[in-house]
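To start, the structure under review is shown below, and the notes come after it.
For the single chain, residues carry numbers from 1 onward in sequence order. Side chains are part of it too, since the values below use all heavy atoms of this structure and drop only hydrogens, waters and symmetry mates.
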Amino acid sequence: MNQKNLSLWLKLIIIGMAVCGLGVYFFFLPVMGKSLAQAQPEFAGCYYPWLIFLWATALPCYAALFFCWKTAVQIGRDNAFSETNAKNLKIISQLAQADVCLFFIGNAVLLVINMSHPGVLLASLLIDFAGIAIAVAANALSCLIQNAAHIKAENAEII
């Protein structure tokens, strides 16, 4: 697969992830929240705080998708091993870390103010660990790409 095709596939995947995220955040979560609030009226007061909290967790995800797009553009230009891509992946790692912190702290705060259940906090740890895995993988890729960019620059100087 050449760089242009890889870039195209990456862009299609990024668009697909963005569309799926919009469906989850702006259709699935509000519908499920309203049905839960109607089925159990004691949770009706929790609907908007939870919805706003979950929407806030979407912001770092969409920022990361933006940097993924910038990386895909660089790959399409046959510039996969560059300092720019290393920096983009580092930013994606930092955004994943921020999202994990936001998600954990938000769940803990909602639990403390009695708008959540301890089981929800425990279940959210699975999502937190997935975010940590993404952060570590993006950081590792950033280091590898940065090393490859240095090697590429050294080889260009020799020739």
Under 4.5 Å between any side-chain heavy atoms of N85 and I75, yes or no? yes
F104 vs L125 side-chain heavy atoms within contact, under 4.5 Å: yes
Tell me, yes or no, whether the heavy-atom count around [X] atom [atom1], taken from other residues, nucleotides or ligands under 6.0 Å, exceeds 12.
X: K152; atom1: NZ; answer: yes
X: F103; atom1: CZ; answer: yes
X: F26; atom1: CZ; answer: yes

Please list, chain by chain and in numerical order, all residues satisfying side-chain hydrogen bond (donor to acceptor under 3.5 Å, both in side chains) with Q97, sequence neighbours excluded. S93
Review item, side-chain donor-acceptor pairs of residues 36-57, under 3.5 Å, at least two apart:
from	atom 1	to	atom 2	distance (Å)
Y47	OH	P30	O	3.4
W50	NE1	M115	O	2.7
W55	NE1	Y25	O	2.7
T57	OG1	L54	O	2.5

Does one side chain, of Q74 or N79, offer a donor that lies under 3.5 Å from an acceptor on the other?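 On atom types as modelled, these side chains qualify, holding a pair under 3.5 Å.
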State whether the side chain of N107 and the backbone N or O of L121 hold a donor-acceptor pair below 3.5 Å, judged by distance alone. no
Side-chain donor/acceptor of S7 to backbone N/O of A72, under 3.5 Å: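 Side chain of S7 to backbone of A72: a pair is present.
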If you compare all heavy atoms of [X] against all heavy atoms of [Y], which two are closest, and at what distance to 0.1 Å?
X: C61; Y: D99; result: SG-OD2, 3.3 Å
X: L89; Y: S142; result: CB-CB, 3.8 Å
X: I92; Y: A138; result: CG2-CB, 4.1 Å

If the condition is side chain to side chain contact (heavy atoms under 4.5 Å, CB included), which residues does L65 pass it with, not counting sequence neighbours?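 Only I14, M17, A18, Y62 meet the side chain to side chain contact (heavy atoms under 4.5 Å, CB included) criterion with L65.
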